[in-house]
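Here's the structure, in structure tokens; my notes come after.
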Amino acid sequence: MIITLNGRKVEFDGKISVKGLITARGLKTDSLVVEKNRSIVPRDEWDSVMVEEGDTLEVLSLVGGG
């Protein structure tokens with residue numbers, strides 16, 4: 001399966017959930033926002049929302065500061 005992740009083509013074997021993708025990429029979930037095909041995926045749905053062939057995902061990390 002080939003998807004676009006943060007503007008780059010990425011290939012995964014088999015099916016994967018949004019949370020599985022984040023875990024596979026080694027990202028900390030605390031401050032992330034995930035957009036799938038231009039819609040925000042609520043954090044409590046990351047386990048149930050599956051990534052599909054051709055999807056476009058943006059994974060953004062929020063950074064605080066002043």
Side-chain angles (χ1 to χ4, degrees):
M1 164 174 60
I2 297 175
I3 66 168
T4 302
L5 177 63
N6 290 352
R8 294 185 176 170
K9 299 288 183 192
V10 178
E11 186 170 352
F12 288 93
D13 292 329
K15 294 185 174 189
I16 192 166
S17 68
V18 168
K19 185 164 186 175
L21 178 129
I22 290 168
T23 301
R25 303 297 286 187
L27 301 172
K28 291 186 174 188
T29 62
D30 299 351
S31 61
L32 295 180
V33 173
V34 177
E35 182 185 275
K36 177 183 173 191
N37 300 328
R38 299 183 173 227
S39 295
I40 299 293
V41 179
R43 184 178 301 270
D44 61 350
E45 295 179 11
W46 287 3
D47 281 327
S48 61
V49 173
M50 301 302 292
V51 178
E52 306 288 340
E53 175 78 31
D55 279 349
T56 298
L57 284 98
E58 295 291 330
V59 179
L60 307 170
S61 180
L62 302 176
V63 178

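- At a threshold of 4.5 Å between non-hydrogen side-chain atoms, the residues Phe12 and Val51 do not count as touching.
- Atom CG in Asp55 sits 7.0 Å away from atom CD1 in Ile3 (nearest 0.5 Å).
- Closest approach of Ser17 to Gly20, counting heavy atoms only: OG-N, 2.9 Å.
- Under the 4.5 Å side-chain criterion, counting only non-hydrogen atoms from C-beta, Leu5 is in contact with Leu21.
- A distance-only check finds no donor-acceptor pair linking the side chain of Arg38 to the backbone of Thr56 [under 3.5 Å].
- Residues Trp46 and Val41 approach most closely at NE1-O, 3.1 Å, considering heavy atoms.
- A continuous path of hydrophobic side-chain contacts links Val34 to Leu27 [ILVMFWY only; heavy atoms under 4.5 Å].
- With Asp47 contributing its side chain and Lys19 its backbone, the two residues share no donor-acceptor pair below 3.5 Å.
- Within the 4.5 Å cutoff, no side-chain heavy atoms of Glu45 are placed close to those of Val18.
- Here the closest non-hydrogen pair linking Lys9 and Ile2 is CD-CG2, 4.1 Å.
- We find the CZ-CG distance between Arg25 and Leu32 to be 12.5 Å, quoted to the nearest 0.5 Å.
- One finds the CG atom of Asp30 at 11.0 Å from the CG atom of Leu62 (value rounded to the nearest 0.5 Å).
- Two residues are said to be in side-chain contact when any heavy atoms from C-beta on lie closer than 4.5 Å; Met50 and Ile16 fail this criterion.
- Rounded to the nearest 0.5 Å, atoms CD (Glu58) and NZ (Lys36) are 14.0 Å apart.
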